[in-house]
Amino acid sequence: MKDKLTLEGLLEKIRSYNHEADFGNIKKAYHFSSEAHCTQRRSEGSPYIKHPLAVAYILADMRMDAPSITAGLLHDTIEDADIPIEDIKNIFGDDVAFIVKALTKLSKMEFRTKKEAQAENFRKMLLAMSEDVRVILIKFADRLHNMRTLQHLPENKQHRIAAETLEIYAPIANRLGIGWLKTELEDLSFSFLMPELYKELVRKVAKRKEDQEGYLRQVIELINKKLEEEGLPGTVSGRIKHYYGIYQKMQKQRITFDQIHDVLGLRILTDTKANCYAILGLIHSLWTPIPGKFKDYIGVPKSNMYQSLHTTVIGPKGERVEFQIRTEEMHRIAEEGIASHWKYKEKGSIDEKSNKYISWLRDLVQAQKEVPDAMDFLEAVKGEVVPEVVYVFTPGGEIKEMPIGSTPVDFAYSIHTQVGHRCVGAKINGKIVPLRYNLKNGDTVEIITSPTHGPSRDWLKFAVTQRAKSRIKQWIKTEERSQSIELGIKLLEAELRRHNLNVSLVKSDKLLQTAKASGVNSLEDLYVSIGFGKLSPHQAVNRLMPEKPIEEAAAVRIKKPRKEQKGIRIKGIDDILYHTGKCCYPVPGDSLVGFVTIGKGVTIHRQDCSNLERLAAEDARLVDVEWQTSSDTTANTKLYVETIDKPGILANLSALISSVDININHLEATSTQDRKAHITFVLEVKDNTQLKMLIQKISQMEGILRVKR
């Protein structure tokens, strides 16, 4: 900031565009912030108040309202000076307090990583922005001043902040149409991330400007003369492409600086849309336009409301000259975007034009209910602010703007959720295409629907827009839950019949109590848990069984000493503590060996357990054990299943296991990028004969790749 920052200077700047601002509140905010930060200093050693004052200056340059400037002065007081939000609310009102709170980082919360903390803070700010866009405009001013003074921070912090600015803040500024801000943030970030390349481009652009200044002056004089002859109002001026824009073009097209012809260009501002086209016609009559270099953003505005005519011609002496033609109003909107015409009646109320700027954000906020993870939400935001788009048409001729890479599925969901859900095919320019087809500029897209159709999980592999992805995931989740409820009820009814119990118990209050005892809050959730295989019907129905008399239960305990409950006897030793090894999970019928562990008794392993090789050197500690089986003996064992990852596979496995009277005590399931699922069950089986029979049945199921103990 070149001019000296003072409170009086700030007030004078505000008076130049808003005589009715609440100057009393702004003064009060300045003094409040000054006192709150009185012991703090910036990295370069200046008093901290200079930062909020600089932020307020930037907001005044953007012609923001008084509450925004007040909040700009106070934006760090909660986080850095421990001022309670209630104090801000009591002194400056609800409006200012809402904005200040939205700008305060979630520093009181614990996060696993710095990235996670940044993502959560960013999501909090964007959610607030969807209610009140002033939140992001003040954050922009804060970020811009930090970028302008970034040289005072250590190099690692410079890189981190510059990268975040380039990746998140500049694209959002562009999405909101604030051209000057996007340009400055990009160039500042570029200068810190690639300083040598930046300096080289600055030098080359200055040289190009020096070389071509006389040439452009001649072209401007000629155009002014022609405009006057034709009676067309217009102001012609030179413009320089910003440095990061030049760098991006060099990277994208893999060309050198010398091969870029539109570093310098001309901009013509006129009064009406009709005159924009008239001036375009005049330029094309003077010089030959280069094919493919004409863009009509007046007829088809960009998503950030940008409007202009772009054309490149072969000018005098065979030099290429790029022109931008627009009205004064279009130029103001191109530079200031959402900040150019938002009007606040009350907090959160913005005019219709401004609402178009953030409709994408409102959709994202709605979708984020299905995207609870902050990192996923941040990725979704990045996807929405990517400037590269294609323009396609509905069969009725309406233009729709879609991100590059969009498919007919994305298009269908952009029309309506139900159109997306019922989509079975698409026609592009009258020809049927696959649903994974990438839309191209000018395509006319017709969606073919069927009332009986639903989305496929495969669509998630090629859908691009967050709206489509979240709607597909939501539908699949609902559908899978519905299928799990149906399967859960069937499994419960089968289990009830097996125990000669009335199937009406499946919807009884008694079963609801059983569900709650298992940690499930409703019968529907119980059905889902059983359908998904998280809970076995055997476990649920067991709780409904009538309890045995106390005498009988006592008799059973007397007859079965603790050491025999697992059906294992250790030869020559009585009353010794033992447990089965978790590495091999032996079951009745397996050949066994015991290993004596001091203080822990005997650990029982299968004779083919891989861990016994390690223990072989300690023969003295090995003991002989054998199964002492009885009709009600069971043992836990672990079963590993590898499958193709597809809907219902887990529910089908659970149903099969329950059908052969085996209880599932625990399961873990993971999926891989190559569409495989790895499922580990802990099962309660009678013996290895029953286990082998189960393994054979599972192996014969569709979609099973491998089964092993």
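For the numbers below, each heavy atom of this structure counts, side chains included, while hydrogens, waters and symmetry mates do not. Just so we're clear, the structure is a prediction, and the values are computed from it rather than from any experiment.
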With rounding to the nearest 0.5 angstrom, report the [atom1] to [atom2] distance, [X] to [Y].
| X | Y | atom1 | atom2 | answer |
| --- | --- | --- | --- | --- |
| Ile695 | Ile704 | CD1 | CD1 | 12.0 Å |
| Glu446 | Ile428 | CD | CD1 | 9.5 Å |
| Lys477 | Ser470 | NZ | OG | 12.0 Å |
| Trp475 | Ser456 | CH2 | OG | 9.0 Å |
| Arg467 | Ile472 | CZ | CD1 | 11.5 Å |
| Ile698 | Leu694 | CD1 | CG | 4.0 Å |

ask   = For Asp590, which residues count as a salt bridge (Lys or Arg N to Asp or Glu O under 4.0 Å) partner, sequence neighbours excluded?
value =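 With neighbours one apart ignored, the set is Arg709.
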
ask   = Who are the salt bridge (Lys or Arg N to Asp or Glu O under 4.0 Å) partners of Asp525, not counting sequence neighbours?
value =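 Asp525: salt bridge (Lys or Arg N to Asp or Glu O under 4.0 Å) contacts with Arg481.
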
With sequence neighbours left out, what residues match [X] under side chain to side chain contact (heavy atoms under 4.5 Å, CB included)?
| X | value |
| --- | --- |
| Thr478 | none |
| Glu164 | Gln118, Arg143, Ile168, Tyr169 |
| Pro451 | none |
| Lys692 | Asn688 |

Nearest heavy-atom pair of [X] and [Y]: which atoms, and what distance?
| X | Y | result |
| --- | --- | --- |
| Ile662 | Glu684 | CG2-O, 3.5 Å |
| Phe411 | Ser414 | O-OG, 2.6 Å |
| Ala71 | Ile99 | CB-CG2, 3.7 Å |
| Lys686 | Pro588 | O-CG, 3.0 Å |
| Val433 | Pro408 | CG2-CG, 4.4 Å |
| Lys469 | Leu460 | O-CD2, 3.8 Å |

For residues [X] and [Y], determine if any side-chain heavy atom of one lies less than 4.5 Å from a side-chain heavy atom of the other.
| X | Y | answer |
| --- | --- | --- |
| Ile138 | Leu103 | yes |
| Ile432 | Lys427 | yes |
| Leu639 | Val707 | yes |
| Ile644 | Ile649 | no |
| Ile485 | Ser482 | no |
| Tyr585 | Leu683 | no |
| Thr643 | Leu705 | no |
| Ile415 | Thr394 | yes |

inquiry  = Please list all pairs meeting salt bridge (Lys or Arg N to Asp or Glu O under 4.0 Å) that have one or both residues in residues 448-458, counting only residues at least two apart or in different chains.
reply    =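 For residues 448-458, and leaving out neighbouring residues, the salt bridge (Lys or Arg N to Asp or Glu O under 4.0 Å) pairs sorted by first residue read Arg457-Glu480, Asp458-Lys461.
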
Is a side-chain donor or acceptor of [X] paired with a backbone partner of [Y] at a separation under 3.5 angstrom?
| X | Y | answer |
| --- | --- | --- |
| Ser406 | Pro403 | yes |
| Arg436 | Phe462 | no |
| Asp687 | Gly589 | no |

message = I need the full list of side chain to side chain donor-acceptor pair (under 3.5 Å) pairs touching residues 693-707, with sequence neighbours left out, sorted by first then second residue.
response =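 Residue pairs passing side chain to side chain donor-acceptor pair (under 3.5 Å), neighbours aside: Glu642-Arg706.
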
Apply side-chain hydrogen bond (donor to acceptor under 3.5 Å, both in side chains) to [X] and list each qualifying residue two or more places apart in sequence or on a separate chain.
| X | answer |
| --- | --- |
| Asn636 | Asn665 |
| Asn438 | none |
| His416 | none |

key: Leu439 and Lys400: CA distance, side-chain angles, deciding distance, side chain to side chain contact (heavy atoms under 4.5 Å, CB included) verdict   = CA-CA 11 Å; Leu439 301 179; Lys400 289 197 78 70; over 6 Å; no

Give the table of side-chain donor-acceptor pairs shorter than 3.5 Å for residues 417-426, with sequence neighbours excluded, one pair per line with atom names and distance.
residue : atom : partner : partner atom : Å
Thr417  : OG1  : Arg471  : NE           : 3.2
His421  : ND1  : Tyr413  : OH           : 2.9
Arg422  : NH1  : His453  : O            : 2.4

